[in-house]
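Worksheet: the structure to be examined is printed underneath.
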Amino acid sequence: MNQRRQLDASKRLRKMHEDLLRAYGPQHWWPAKTPFEVILGAYLTQNTAWKAVERSLENLRLAGALTPEGLRRIPLAKLRRLIRPSGFIMRKAPALKAFVALLYKEFGGSLEAMAAMPTAALRQRLLELPGVGDETADAILLYALGHAVPVADEYLRRIAERHGLVVLPAGRAKISYDDLADLTRRAFAGDAEESRAQLFNEFHALTVAVGKAHCGRAARCEGCPLAADLKSNS
DNA sequence: CGCCAGGCCGTGT
DNA sequence: ACACGGCATGGC
């Protein structure tokens, strides 16, 4: 019963992906930049507008801190100043330092070596770092390290709830991160394994695209390409 | 001026 | 388990 409804939810997420792909086209997100820059962006964008992150990244670029070695050298106080535009500097600056420290301590400063770890163990490792929660860990795994994991962000939660795409498990007040991630996995379970990472990549990128445009905290869903589902699924 | 942004974490029920 | 507020800064 609940099982069947979850299957339906997965199908709705899959349909949402097709609808968004038709409306926005392929996003090919983040791969253009270096994996390390992707990681910095994943930290800096936490509860922060991407526009502000861009300025921080530019500051880091000018300071030569867009590489593990560059960031490792830079003093904490200077790092705080460089990332000031994206806020939460007292948390994010030490968090970035902690990541680089782990990278050197356990992987000789090599992201390739880090990426070679099995997905589950690596995810656990990342979650132990300060300032890394579910979403940041998954974003790093998917967009910087090439692991096929879904990323479930606040936009996806809002879209899923507002459009009635998911059914809340009995006894739960709201859909959890893990449940959303599982549903996303199921949504693409029928696709070839080799293309799974690319699909998760596009799905999250499209979610953010539509989320920014139509699904902010206080936003109404006017003009949203998914608006038709609001009626058909309720 | 007030709300909000591609979360995370400590604390309190 | 879950709610709630703080965290910093800047765009709109």
Side-chain angles (χ1 to χ4, degrees), chain A residues 13 16-17 20 24 27-33 35 37-60 76-99 102 123-145 149-162 168-182 184 200-222 224 226:
Chain A
L13 287 184
M16 168 184 152
H17 181 252
L20 291 177
Y24 293 98
Q27 304 293 299
H28 40 74
W29 230 30
W30 268 351
K33 302 175 179 178
E37 185 171 347
V38 170
I39 290 167
L40 299 183
Y43 275 91
L44 295 176
T45 195
Q46 290 169 6
N47 198 47
T48 302
W50 185 254
K51 188 76 177 176
V53 176
E54 286 181 324
R55 271 199 266 106
S56 292
L57 290 176
E58 175 64 9
N59 289 343
L60 291 169
L76 182 60
K78 184 172 183 182
L79 178 57
R80 284 200 290 264
R81 186 161 50 76
L82 294 173
I83 68 171
R84 184 192 306 273
S86 38
F88 303 100
I89 59 178
M90 301 306 285
R91 292 171 178 273
K92 287 177 179 176
L96 291 176
K97 281 293 192 182
F99 178 87
L102 173 71
R123 186 174 197 274
Q124 188 53 46
R125 209 38 149 186
L126 292 172
L127 286 174
E128 289 168 4
L129 286 168
V132 177
D134 290 317
E135 188 189 337
T136 303
D138 288 334
I140 290 173
L141 282 167
L142 177 63
Y143 289 100
L145 303 179
V149 298
V151 178
D153 70 339
E154 186 60 22
Y155 284 137
L156 180 58
R157 184 195 318 285
R158 281 192 208 122
I159 292 168
E161 289 180 356
R162 289 178 187 177
L168 295 177
R172 293 290 175 99
K174 54 191 328 183
I175 187 86
S176 72
Y177 184 95
D178 287 336
D179 285 341
L180 263 182
D182 282 340
T184 303
F200 289 147
N201 181 324
E202 276 298 326
F203 179 71
H204 180 238
L206 287 165
T207 298
V208 172
V210 70
K212 278 183 176 176
H214 304 288
C215 220
R217 279 178 197 166
R220 309 279 310 277
C221 298
E222 295 168 11
C224 175
L226 300 171

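All chains are named by letter (A, B, ...) in the order of the sequence lines, taking the proteins before the strands, and each is independently numbered beginning at 1.
Between K92(A) and T48(A), the side chains place a donor N or O and an acceptor N or O closer than 3.5 Å (distance only, hydrogens not considered). Under 3.5 Å, the side chains of Y143(A) and D138(A) contain no donor-acceptor pair of N or O atoms.
Straight-line distance between the P atoms of dT11(B) and dA8(C): roughly 15 Å, to the nearest whole Å. A distance of about 23 Å separates the C1' atoms of dG6(B) and dA3(C), rounded to the whole Å.
Residues that satisfy the ring-ring contact (aromatic ring centres under 6.0 Å, His included) test with F99(A), not counting sequence neighbours, are absent from this structure. For D179(A), the side-chain hydrogen bond (donor to acceptor under 3.5 Å, both in side chains) test picks out S176(A), with sequence neighbours left out. Under the side-chain hydrogen bond (donor to acceptor under 3.5 Å, both in side chains) criterion, E37(A) pairs with no residue at all, not counting sequence neighbours.
Ranked by how close their nearest DNA chain C nucleotide is to the 5' end, N47(A) and K51(A) are led by N47(A). With DNA chain B read from its 5' end, the first of the two nearest nucleotides for P130(A) and T45(A) is the one closest to T45(A).
Rounded to whole Å, atom C1' of dC8(B) lies 14 Å from atom CG of D138(A). As a whole-Å value, the separation of L180(A) CG from dG7(B) P is 13 Å. Rounded to a whole Å, the CG atom of D134(A) is 10 Å from the C1' atom of dC8(B). Atoms CG (L206(A)) and P (dG6(B)) sit 16 Å apart, rounded to a whole Å. Summarising the geometry, the separation between CG on N201(A) and P on dG6(B) is reported as 17 Å, rounded to the nearest angstrom. The separation between Q27(A) atom CD and dG6(B) atom P is 14 Å, rounded to whole Å. Rounded to an integer number of Å, the gap from CD of Q46(A) to P of dG6(B) is 12 Å. Atom-to-atom, CD of E128(A) to C1' of dC9(B) comes out at 16 Å; the value is rounded to the nearest Å.
Closest heavy-atom contact between G216(A) and R162(A): O-NH2, 3.1 Å. Scanning all heavy atoms of the two residues, the minimum distance from L40(A) to L57(A) falls at CB-CD2, 4.0 Å. Between L79(A) and A93(A), the closest heavy-atom pair is CD2-O, 3.5 Å. Taking all atoms of both residues into account, the shortest heavy-atom contact from L156(A) to V151(A) is CD2-O, 4.5 Å.
A side-chain donor-acceptor contact under 3.5 Å links Y177(A) to the backbone of A152(A).
Within a heavy-atom distance below 4.0 Å of DNA chain C, the residues of residues 85-93 of chain A found are P85(A), G87(A), F88(A), I89(A), M90(A), R91(A).
Between W50(A) and W30(A), the ring planes are tilted. Angles from 30° to 60° get that label.
dA5(B) has no base stacking with the ring of W50(A) when judged by centroids under 5.5 angstrom apart and an interplanar angle below 30°.
Using a 4.0 Å heavy-atom distance criterion, V151(A) is classed as making no nucleic acid contact. Counting any heavy atom pair closer than 4.0 Å across all strands shown, A218(A) reaches sugar-phosphate atoms only and no base atom. At the heavy-atom level, L129(A) lies under 4.0 Å from the strands shown only through sugar-phosphate atoms.
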List every contact pair, protein side and nucleotides 10-13 of chain B side both N or O, where the distance is under 3.5 Å.
none

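Ionic pairing of R125(A) and E128(A) is present here: one or more N-O contacts between side-chain nitrogen and carboxylate oxygen are shorter than 4.0 angstrom.
In 5' to 3' order, the nucleotides of DNA chain C bounding all contacts with chain A (an atom under 4.0 Å from a heavy atom) are dC2(C) to dG11(C).
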